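What you are looking at is a predicted structure, and each value in this text was computed from that prediction instead of being measured.
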Amino acid sequence: MSGLENADWPLFGWIDDIRQPLARARDAGRPAALATLYRVEGSAPRGPGAQMLFVAPEDSADIGASGYFSGDCIEGDVAGHAMQVLADGRPRRLHYGNGSPWIDIRLRCGGALHVLVERIAADDAAAAELLRHGAARRACRWHSDGAARHVTADEGPLLDFSETPFSLARRYAPPRRLIVSGGDPGALAAARLAALSQFETILLRPGGPAEPPPFPVSRYLRSDPATALAELGVDRWTAYLGATHEDHHDLGGCLAALRGGAGYVGMIGAKSRAAARRSALENAGATPEELGRLHLSPGVAGLGKSPWEVATGIIAEIMQALNPACERT
């Protein structure tokens with residue numbers, strides 16, 4: 001038994017990106033089993049490209065899991081196969097639902113799911129390359145037939161697979177990142193929600209307290225937003241939210257984010273200030289195309305005006321912007 005079947009609180013399903021648990025397994029010198037959903041027939045909670053990672057701890061019969069495929073329909077069985085893959089190194093191709101050899105495992109949504117499970121050694125060269133690309137914020141693709149694997153630096157489709165001979169290629173984009181500048185309740189709510197939503201979250205507070213924020217973030221910086229963005233670098237998987245309410249900070253951060261090609265750039269503030277802010281950015285050299293990508297008074301209307309309600313609308317808007325091909329699995 002894997003232990004997943006009887007999990008009272010399956011929080012492992014919150015982990016969407018297997019790279020962090022893979023890095024922890026490698027650091028601990030532990031092999032991992034990578035499960036990739038490569039084909040879906042009919043309805044399913046997750047799409048092709050969804051992944052789970054399994055690591056067997058040394059002092060327990062239960063397996064550590066990250067990710068999910070179906071919301072508890074098959075996770076326990078996949079984990080059992082993952083333990084076998086970890087033990088013997090032989091990859092498995094699993095078929096659940098319609099046409100499956102395991103008629104006692106039912107999918108609540110109908111259809112069929114096809115999963116590849118492969119063993120990743122602690123010193124696997126492809127895994128090391130995958131993590132290097134992620135750390136450098138470069139897109140790459142994982143190519144595997146279950147037994148051999150390699151990584152290429154490219155931005156091909158999210159998932160390709162071939163049945164004969166079997167192989168798959170799964171793209172990894174850099175982790176979604178949100179840079180929030182500010183320290184009022186609204187800015188802190190946005191940073192907190194982003195961290196809970198698995199964003200790499202960076203909180204900027206120019207001249208802010210030396211003590212870090214009272215909740216986890218990836219980084220806390222006290223420098224000016226424009227300076228911080230120049231040091232951090234910006235890309236299309238990055239969102240920037242100016243929320244200091246001080247134009248000399250927020251406008252500089254927005255201009256740096258727009259020029260860096262950020263996937264989302266927003267600035268919290270009253271609508272009555274929007275025209276003056278656009279004019280100031282235009283005078284600073286912002287192009288019409290850049291200004292067209294700027295979100296002033298961002299978020300989803302109608303949710304409410306408390307910090308958490310405003311932040312919820314903004315995070316939802318950012319999620320949409322950073323998923324232009326609508327392929328989040």
Side-chain angles (χ1 to χ4, degrees), residues 4 10-28 30-38 45-55 63-71 75 78-79 82 115-118 120 122 124 126-144 149 151-159 168-179 191-202 216-219 232-233 235-239 263-264 315-316 318-329:
L4 269 67
L11 301 186
F12 56 83
W14 282 3
I15 305 300
D16 188 55
D17 188 336
I18 58 88
R19 286 174 291 190
Q20 286 190 1
L22 176 61
R24 290 194 294 270
R26 286 174 57 82
D27 290 344
R30 307 287 296 161
L34 174 62
T36 302
L37 179 60
Y38 66 87
R46 307 297 305 275
Q51 292 185 310
M52 296 187 70
L53 192 82
F54 301 91
V55 181
I63 196 167
S66 301
Y68 88 101
F69 292 140
S70 65
E75 279 71 14
V78 175
V115 177
L116 169 70
V117 186
E118 57 185 312
I120 311 298
D124 185 87
E129 187 69 7
L130 174 69
L131 296 177
R132 279 195 292 269
H133 281 288
R137 298 193 62 79
R138 291 190 300 263
C140 66
R141 299 183 86 201
W142 173 273
H143 304 263
S144 177
R149 56 200 64 86
V151 171
T152 59
D154 66 68
E155 297 187 25
L158 175 64
L159 187 97
L168 63 78
R170 202 272 195 190
R171 188 187 73 238
Y172 291 83
R176 293 184 299 179
R177 178 171 65 174
L178 174 60
I179 302 171
R192 180 66 170 137
L193 280 178
L196 287 170
S197 301
Q198 309 298 314
F199 279 74
E200 178 186 322
T201 305
I202 299 171
V217 293
S218 301
R219 293 181 69 180
L232 293 167
D235 53 42
R236 63 186 177 90
W237 299 279
T238 295
Y264 179 96
I315 297 301
I318 290 171
M319 286 180 173
Q320 286 184 321
L322 298 188
N323 186 29
C326 298
E327 60 183 17
R328 297 287 297 176
T329 60

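Between H133 and A153, the shortest heavy-atom distance links the atoms CE1-CB, 3.5 Å. Scanning both residues, P45 and S70, for their nearest heavy atoms gives CG-CA, 3.8 Å. A pairwise comparison of heavy atoms in T201 and A191 identifies CG2-O, 3.6 Å as the closest pair. Residue W237 comes nearest to L322 through the heavy atom pair O-CD1, 3.8 Å, listed as atom of the first residue, atom of the second, then distance. For the residue pair D154 and H143, the shortest heavy atom distance occurs at OD2-NE2, 4.3 Å. A pairwise comparison of heavy atoms in L53 and P21 identifies CD2-C, 3.7 Å as the closest pair.
With rounding to the nearest 0.5 angstrom, the CD1 atom of I318 is 4.5 Å from the CD1 atom of I315. Rounded to the nearest 0.5 Å, atoms CD1 (I18) and CG (L34) are 5.0 Å apart. A distance of 13.5 Å separates OG in S66 from CH2 in W14, rounded to the nearest 0.5 Å. The CZ atom of R24 lies 10.0 Å from the CG atom of L22; values are rounded to the nearest 0.5 Å.
Side-chain atoms of R177 and I202, non-hydrogen and from C-beta on, do get closer than 4.5 Å to each other. Side chains of F12 and E75 form a contact here, defined as non-hydrogen atoms less than 4.5 Å apart. When side chains are defined from C-beta on, L116 counts as touching L168, because their heavy atoms get closer than 4.5 Å. The closest side-chain heavy-atom distance from Q51 to L37 is not below 4.5 Å. Contact annotation: the side chain of R328 never approaches that of Q320 to less than 4.5 Å [non-hydrogen atoms, C-beta and beyond]. The closest side-chain heavy-atom distance from P175 to Q198 is not below 4.5 Å. Using a 4.5 Å heavy-atom cutoff, the side chains of T238 and Y264 are not in contact. With a 4.5 Å cut-off on side-chain heavy atoms, S197 and M319 count as touching.
Under a 3.5 Å cut-off, the side chain of R26 and the backbone N or O of A122 do form a donor-acceptor pair.
Between R46 and D16 there is a salt bridge, with a side-chain nitrogen of the basic residue lying less than 4.0 Å from a carboxylate oxygen of the acidic one.
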Determine, step by step, whether C140 and Y172 satisfy the side-chain contact (heavy atoms from CB on, under 4.5 Å) criterion, reporting the C-alpha distance in whole Å, the side-chain angles of both residues, the deciding distance to 0.1 Å, and the verdict.
CA-CA 5 Å; C140 66; Y172 291 83; 4.2 Å; yes
Set out, in order, the CA-CA distance, both residues' side-chain angles and the distance that settles salt bridge (charged side-chain N to carboxylate O under 4.0 Å, His left out) for R137 and E200, then state yes or no.
CA-CA 12 Å; R137 298 193 62 79; E200 178 186 322; 3.6 Å; yes
Show your working on side-chain contact (heavy atoms from CB on, under 4.5 Å) between Q20 and I15 and close with a plain yes or no.
CA-CA 9 Å; Q20 286 190 1; I15 305 300; over 6 Å; no
Check the pair R219 / L232 against side-chain contact (heavy atoms from CB on, under 4.5 Å), numbers first and verdict last.
CA-CA 11 Å; R219 293 181 69 180; L232 293 167; 3.2 Å; yes
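More than 12 heavy atoms of other residues, nucleotides or ligands sit less than 6.0 Å from atom CD of E129.
For the residue pair R141 / T152, no side-chain donor-acceptor distance below 3.5 Å is found, with atom types taken as modelled.
The only member of R171, R138, R236 that meets salt bridge (Lys or Arg N to Asp or Glu O under 4.0 Å) when paired with E155 is R236.
A search for side-chain contact (heavy atoms from CB on, under 4.5 Å) contacts involving P48 returns V40, L159, not counting sequence neighbours. Every residue two or more places apart in sequence or in another chain that forms a side-chain contact (heavy atoms from CB on, under 4.5 Å) with A126 is listed here: D124, W142, R149, V151.
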